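Everything on this sheet refers to the single structure shown next.
It should be emphasised that the depicted structure is a prediction, and the values quoted were computed from it without experimental measurement.
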Amino acid sequence: MANYQNVIDAPNTNTIFTVWKFNDNPLLKEQFKKICSLITNINHSISIRFPESKSSVILGIGHDAWLKLNLPKPLPKELENFKEIKGDKHTAVSTPGDLHFHIRSTEKSLCIDIASNIADVLKNVANCIEEVHGFRYWDGRSILGFVDGTENPEGDEERSHFALIGDEDKDYANGSYLFVQKYIHNMDAWRNLPIHEQEKVIGRSKTDDIEMDDDEKPSNSHSALANVGDDKKIVRDNMPFGNPSTNEMGTYFISYASTFATVNEMLERMFIGEPKGNYDRILDFSTAKTGSLFFVPNLDLLDSFTE
């Protein structure tokens, strides 16, 4: 049986992402033990009750929470508070977060029930500072209309290689670095951009999701800057979200990686540019409102937190 939380699965039809910040309640450690046990129990139960729903919930723990809870030391090698990345025009902001929950299922009802179960345990010891309900948009597209995650690793073996820590940090093997950003898109400006110009922003065709040739693809396109090499990949589980009536539409960027350095390099290329100043043009239409790093412990470690 795999000794890792379900970080390698593909994005599902429905998701709920929540970020929680601890308060000073003296029952915090006791409730944290309960939440770790709850996550294990929920995953086990839904795999038996609803095997076709591909449901799971993944728990990520932030740097400050790790210290506050007196979890094992030394910490995972790259677990820290995310440091903002400030370019000449756009900034990858850093925002707080102690616990992150990634809930996914084909059934929205299951997502709601799981989120409610988590809230019941945490409501007196933490505040939910972010809750995003994501949905699958057509054939896996972002709300901007382009297929999202085309560069994702394929197959369990390759996804495990890029998402899970190996012998480089043996104490935390089969764990994963979880990084999230909530982006809000300027949909009016995007829709006013002709499709051939949108394609230059992304670096791919909109209808067929075909990557532009290198001599055609702009150097500031998203696919040119967000791709840091075939040997440096991450597992993305991005989901669109939004409210059409207010035109507040966005993308919840979520990545699992064996090393956060890969994600950080990607963000530096996007926000600072390669070379400097040649930033990712998608940022002219997409604003990062959050940015937080978490660590996803393996199942044995998660179980030890309940003792």
Side-chain angles (χ1 to χ4, degrees), residues 62-63 77-97 142-153 162-163 168 177-190 192-206 210-236 238 250-294:
H63 172 271
K77 290 181 178 179
E78 295 182 82
L79 180 58
E80 60 181 11
N81 289 319
F82 173 61
K83 299 179 179 65
E84 77 168 24
I85 298 174
K86 189 173 181 62
D88 292 339
K89 188 173 182 181
H90 302 290
T91 300
V93 297
S94 172
T95 52
S142 78
I143 206 67
L144 298 178
F146 286 77
V147 175
D148 200 359
T150 301
E151 295 297 326
N152 256 351
F162 288 109
E168 68 274 13
Y177 292 99
L178 162 63
F179 180 73
V180 297
Q181 291 176 301
K182 175 185 175 182
Y183 283 91
I184 297 295
H185 304 309
N186 185 337
M187 295 304 296
D188 289 336
W190 182 254
N192 287 331
L193 201 65
I195 289 179
H196 71 275
E197 287 297 324
Q198 293 181 4
E199 292 176 334
K200 289 180 181 179
V201 173
I202 303 299
R204 309 186 73 91
S205 64
K206 189 169 187 177
I210 297 173
E211 187 172 1
M212 292 180 177
D213 294 334
D214 289 342
D215 59 354
E216 179 188 9
K217 184 193 303 180
S219 63
N220 65 347
S221 66
H222 181 62
S223 63
L225 290 171
N227 185 355
V228 295
D230 290 341
D231 60 338
K232 295 180 179 179
K233 291 188 176 184
I234 59 177
V235 172
R236 297 173 173 87
N238 303 352
T251 298
Y252 198 87
F253 171 77
I254 174 169
S255 67
Y256 295 104
S258 61
T259 170
F260 179 65
T262 295
V263 183
N264 206 64
E265 181 180 353
M266 180 192 73
L267 294 171
E268 287 180 347
R269 287 169 59 89
M270 289 176 61
F271 284 83
I272 296 175
E274 181 58 42
K276 186 176 184 295
N278 186 54
Y279 65 84
D280 192 335
R281 195 178 167 206
I282 200 174
L283 298 177
D284 289 339
F285 306 92
S286 309
T287 301
K289 297 294 187 179
T290 68
S292 307
L293 176 62
F294 303 88

*Indicate the atoms forming the closest heavy-atom contact of Phe294 with Gly62, along with that distance.*
CD2-N, 3.5 Å
*Determine whether Lys200 and Met212 make a side-chain contact, defined as any pair of heavy atoms from C-beta on separated by less than 4.5 Å.*
yes
*Taking all non-hydrogen atoms of both residues into account, name the closest pair between Asp148 and Ser142 and its distance.*
CB-N, 4.1 Å
*If you measure from CZ on Arg281 to CG on Leu283, what distance do you get to the nearest 0.5 Å?*
11.5 Å
*So how far is it from Leu144 CG to His185 NE2, rounded to the nearest 0.5 Å?*
4.0 Å
*Please confirm whether the backbone N or O of Leu225 pairs with a side-chain atom of Arg269, one donor and one acceptor, at under 3.5 Å?*
yes
*Taking Asp280 for its side chain and Ile282 for its backbone only, find out whether a donor-acceptor pair lies under 3.5 Å.*
yes
*Has the side chain of Thr251 got a donor or acceptor atom that lies under 3.5 Å from a matching backbone atom of Phe253?*
no
_Counterpart residues, side chain to side chain contact (heavy atoms under 4.5 Å, CB included), relative to Asn81 (two or more places apart)_ = His63, Asp64
*Any sub-3.5 Å donor-acceptor pair from Gln198's side-chain atoms to Leu193's backbone N or O?*
yes
*asked:* Using the side chain to side chain contact (heavy atoms under 4.5 Å, CB included) criterion, which residues pair with Val93? Sequence neighbours excluded.
replied: Thr91, Thr95
*Examine distances only and state if a side-chain atom of Trp190 and a backbone atom of Phe285 form a donor-acceptor pair shorter than 3.5 Å.*
no
_Step-by-step side chain to side chain contact (heavy atoms under 4.5 Å, CB included) determination, Met187 to Ile143_ = CA-CA 9 Å; Met187 295 304 296; Ile143 206 67; 4.0 Å; yes
*Minimal non-hydrogen separation, Ala288 against Gln181, with atom names*: CB-NE2, 4.1 Å
*asked:* Using the side chain to side chain contact (heavy atoms under 4.5 Å, CB included) definition, which of the options Glu199, Arg204, Lys206 pairs with Ile202?
replied: Arg204
*Can you name the closest pair of heavy atoms from Pro218 and Ala224 and give their distance?*
O-CB, 3.7 Å
*Do any N or O atoms from the side chain of Asn220 and from the backbone of Asn278 form a donor-acceptor pair under 3.5 angstrom?*
no
_Within this structure, what is the CZ-OH distance for the pair Phe179 and Tyr256, rounded to the nearest 0.5 Å?_
13.5 Å
*Gap separating the CZ atom of Phe271 from the CG atom of Asp88, nearest 0.5 angstrom*: 13.0 Å
*Under the salt bridge (Lys or Arg N to Asp or Glu O under 4.0 Å) rule, collect the residues that match up with Lys232, sequence neighbours excluded.*
Glu265
*Taking side chain as C-beta onward, heavy atoms only, is Met266 less than 4.5 Å from Ile234?*
yes
*Just wondering, do Asp284 and Val201 contact through their side chains at under 4.5 Å, heavy atoms?*
no
*Check whether any side-chain N or O of Asn238 sits under 3.5 Å from a backbone N or O of Ile254 as a donor-acceptor pair, and report yes or no.*
yes
*Compare every heavy atom of Ser255 with every heavy atom of Val263, then report the nearest pair and how far apart it is.*
CG2-OG, 3.8 Å
*asked:* Is it true that, when you exclude Asn192 itself, more than 12 heavy atoms of the residues, nucleotides or ligands shown sit nearer than 6.0 Å to its CG?
replied: yes
_What's the separation between atom NZ in Lys217 and atom NE2 in His222, rounded to the nearest 0.5 Å?_
11.0 Å
*Any sub-3.5 Å donor-acceptor pair from Tyr279's side-chain atoms to Gly87's backbone N or O?*
no
*What heavy-atom pair brings Leu79 and Tyr177 nearest, and what distance separates the two atoms?*
N-CE2, 3.6 Å
*Supply the atom-to-atom distance Ser286 OG to Lys182 NZ, rounded to the nearest 0.5 angstrom.*
14.0 Å
_Within the 3.5 Å criterion, strictly below it, is a donor on Thr259 or Glu78 matched to an acceptor on the partner's side chain?_
yes
